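Below you'll find the structure, written out as structure tokens, and then a few comments.
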Amino acid sequence: MFEKILIANRGEIALRIIRTCREMGIKTVAVYSSADRESLHVRFADEAVCIGPAASKDSYLNIPRIMAACEITNADAVHPGYGFLAENADFAEVCSSYNIKFIGPSPNQIRQMGDKITAKETMIKAGVPVVPGSDGLLKDVKHAKTVAKEIGFPVMLKATAGGGGKGMRIVWEEDTLEENWEMARKEAMASFGNDGIYVEKFIEEPRHIEFQIAGDQFGNVVHLSERDCSIQRRHQKLVEECPSPFMTPELREKMGEAAILAGKSINYEGVGTVEFLVDKYRNFYFMEMNTRIQVEHPVTEEVIDHDLIKEQIKIAAGEKISGKNYYPQVHAMECRINAEDPQNGFRPSPGKILSFHSSKGHGVRVDTHVYAGYTIPPYYDSMIAKLICRAPTREECITKMERALDEFIIEGVKTTVPFHQKLMKDPDFRAGNFHTGFINTFKFKDEE
Ligand code: MV4
């Protein structure tokens with residue numbers, strides 16, 4: 001087992017990792033930017049190293065500075081958390097060249113899933129269903145037109161280097177294909193420095209249902225059931241839950257098996273997530289794979305009663321996994337509490353938290369790095385807490401979430417708490433009747 005893990009991250013996930021390390025008897029090193037001097041991850045770690053100024057590119061994204069911090073503290077492993085360098089294959093490679101274990105998959109596994117066309121080709125070979133579309137990269141707009149007419153409009157143009165919604169265009173008819181082609185290519189080049197585009201049938205009103213998987217160094221891959229992440233706004237998830245209200249035992253078996261095939265096809269090592277689009281007929285299609293721990297991992301932890309960070313560390317240290325799948329024993333739901341103003345287009349609301357009282361009680365979990373008197377810096381993402389509730393049924397879970405949202409006090413900054421309070425009362429949400437376009441039709445206004 002590792003003696004000392006350096007956590008190449010900040011905020012709630014850095015704290016989350018430190019907690020598990022302490023329980024496992026592993027020493028921890030925090031790294032921080034000068035904007036995070038007062039952060040709890042700095043205080044709770046055994047050691048802390050300042051790695052640069054506030055801007056991420058000079059601190060949390062700066063590989064040489066993080067490697068220097070590993071060297072001076074003698075860390076034998078790095079946990080990247082999510083975001084920042086978590087899916088950076090070059091970083092994973094540098095770690096291994098320094099003989100430091102990157103807690104996550106190999107550089108090759110990260111690369112194979114980072115390029116979307118490569119990932120899709122790998123899935124086709126593995127027998128995982130994918131959305132019908134072009135056979136790899138499109139040569140030119142003429143090629144795009146031919147394939148689009150074959151599969152039928154509407155279609156979606158996607159950047160092979162994309163993911164998370166960037167460089168995507170819906171095309172409803174042949175007449176608008178050319179303009180969208182140009183826009184998609186420009187956007188992809190500007191965002192990723194790669195203008196490779198492919199095309200797919202556009203799946204209307206899909207659900208986003210993802211499967212948590214885990215694979216060890218001996219080729220065992222299991223699934224840990226699904227999370228429904230259909231409640232999103234501009235590709236930012238707001239609520240995640242398990243079981244999905246749309247799931248059936250038969251669909252879980254089929255999707256779980258496909259998720260395992262996806263993991264096995266690249267010999268996946270670590271915990272990861274296989275994302276699917278699910279249409280109204282319960283057809284499902286591989287969308288992408290995330291080769292990291294995700295923000296919403298506590299939903300799975302609550303329904304299967306296992307510590308996923310501990311699993312990650314044990315797998316990285318070479319332990320075998322049990323070899324059986326895990327199924328939800330209760331219902332869990334997570335609301336992301338962001339320092340944003342839901343009444344003004346979810347505009348970021350950084351600043352000083354004047355008072356803070358987090359929800360408590362049976363079945364209530366709050367993962368956060370903030371406290372009364374803490375100043376939310378404007379440089380990083382705006383998530384300040386995750387409120388996770390668990391209860392025997394979805395109805396009871398929503399009731400508990402309403403109670404927990406009502407007792408959450410955060411003063412000094414605007415938050416998404418009022419948005420969640422309104423969402424929990426929505427009849428369609430309560431009925432489990434929603435898809436990824438739900439938030440566009442759900443009008444948030446406080447005084448209505
Ligand atoms: C799609 C799609 C419909 N049809 N692909 C959005 C993020 C990126 N990973 C892929 N995405 C989508 N791909 C086809 N062929 C609809 C989306 C999509 C979406 C997917 C999941 C969650 C929210 C979404 C919001 C808008 C569009």
Side-chain angles (χ1 to χ4, degrees), residues 82-83 87 113-121 123-124 128-138 144 147-148 150-173 177 180-181 183-184 187-188 191-192 194 196-211 226-242 244-246 255 259 262 272-292 294-296 299 334 336 346 423 429 434-442:
Y82 53 69
E87 291 175 289
M113 289 299 167
D115 182 88
K116 304 306 161 193
I117 289 178
T118 307
K120 204 172 165 181
E121 281 167 354
M123 291 310 121
I124 294 169
V128 177
V130 301
V131 184
S134 55
D135 188 3
L137 220 56
L138 294 166
V147 181
E150 254 168 49
I151 59 180
F153 288 90
V155 298
M156 200 165 211
L157 298 172
K158 293 187 173 184
T160 189
K166 271 201 206 135
M168 267 178 16
R169 315 285 314 182
I170 305 172
V171 189
W172 293 96
E173 59 205 2
L177 189 110
N180 278 296
W181 166 262
M183 280 194 278
E187 209 176 299
S191 306
F192 317 110
N194 172 347
I197 303 287
Y198 63 108
V199 67
E200 283 182 349
K201 179 86 190 156
F202 177 62
I203 308 296
E204 292 184 60
E205 305 194 338
R207 291 179 178 248
H208 170 133
I209 300 179
E210 57 187 32
F211 269 71
E226 79 280 5
R227 292 183 292 256
D228 193 317
C229 308
S230 301
I231 303 291
Q232 315 199 350
R233 183 184 173 275
R234 300 193 179 172
H235 305 295
Q236 293 296 316
K237 294 168 186 165
L238 289 162
V239 177
E240 306 95 348
E241 64 181 305
C242 179
S244 165
F246 201 55
M255 291 181 73
T273 301
V274 184
E275 297 184 346
F276 296 99
L277 289 173
V278 184
D279 72 15
K280 60 183 172 203
Y281 308 108
R282 291 194 170 80
N283 297 310
F284 62 91
Y285 309 93
F286 170 85
M287 187 163 45
E288 42 194 78
M289 178 168 176
N290 302 316
T291 55
R292 58 166 193 272
Q294 285 187 275
V295 173
E296 59 271 28
V299 167
E334 171 179 278
R336 296 194 190 188
F346 289 77
L423 178 66
F429 178 76
F434 54 79
H435 54 77
T436 54
F438 180 81
I439 290 305
N440 298 333
T441 54
F442 176 81

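Atoms within a ligand are numbered from 1 in the order they appear, just like the ligands themselves. Quick caveat, the model's predicted, so the values are computed rather than measured.
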* Steps toward side chain to side chain donor-acceptor pair (under 3.5 Å) verdict (Thr273, Gln294) -> CA-CA 8 Å; Thr273 301; Gln294 285 187 275; 2.4 Å; yes
Salt bridge check: are [X] and [Y] linked by an N-O gap of less than 4.0 Å?
| X | Y | value |
| --- | --- | --- |
| Lys280 | Glu204 | no |
| Glu240 | Arg227 | no |
| Glu200 | Lys120 | yes |

What's the shortest distance from [atom] to any protein heavy atom, and which residue and atom give it?
| atom | result |
| --- | --- |
| atom 7 (C) of ligand 1 | Gly165 N, 3.5 Å |
| atom 4 (N) of ligand 1 | Ile203 N, 2.9 Å |
| atom 2 (C) of ligand 1 | Met156 SD, 3.5 Å |
| atom 9 (N) of ligand 1 | Glu288 OE1, 2.7 Å |

If hydrogens are left out, which of [options] has an atom nearest to [atom], that is, the closest non-hydrogen atom?
| atom | options | answer |
| --- | --- | --- |
| atom 18 (C) of ligand 1 | His235, His208, Glu210 | His235 |
| atom 13 (N) of ligand 1 | Lys237, Lys158, Met168 | Lys158 |
| atom 14 (C) of ligand 1 | Val155, Thr436, Leu277, Leu157 | Leu277 |

Which of the ligand 1 atoms, numbered from 1, are nearer than 4.0 Å to a heavy atom of [X]:
| X | answer |
| --- | --- |
| Glu200 | 5 (N), 14 (C), 15 (N) |
| Lys201 | 4 (N), 14 (C), 15 (N) |
| Phe202 | 3 (C), 4 (N) |
| Val131 | 15 (N) |

* Asked: Does NZ or CZ of Arg292 come closer than 6.0 Å to the centre of the six-membered ring of Tyr82, within 45° of the ring's axis?
  -> no
* Passes side chain to side chain donor-acceptor pair (under 3.5 Å), Asp228 versus Ser244? Steps please. -> CA-CA 5 Å; Asp228 193 317; Ser244 165; 2.7 Å; yes
* Provide the closest heavy-atom pair for Met168 versus Glu187 in the form atom of the first, atom of the second, distance. => N-OE2, 4.2 Å
* Over 12 foreign heavy atoms within 6.0 Å of CG, Asp135 -> no
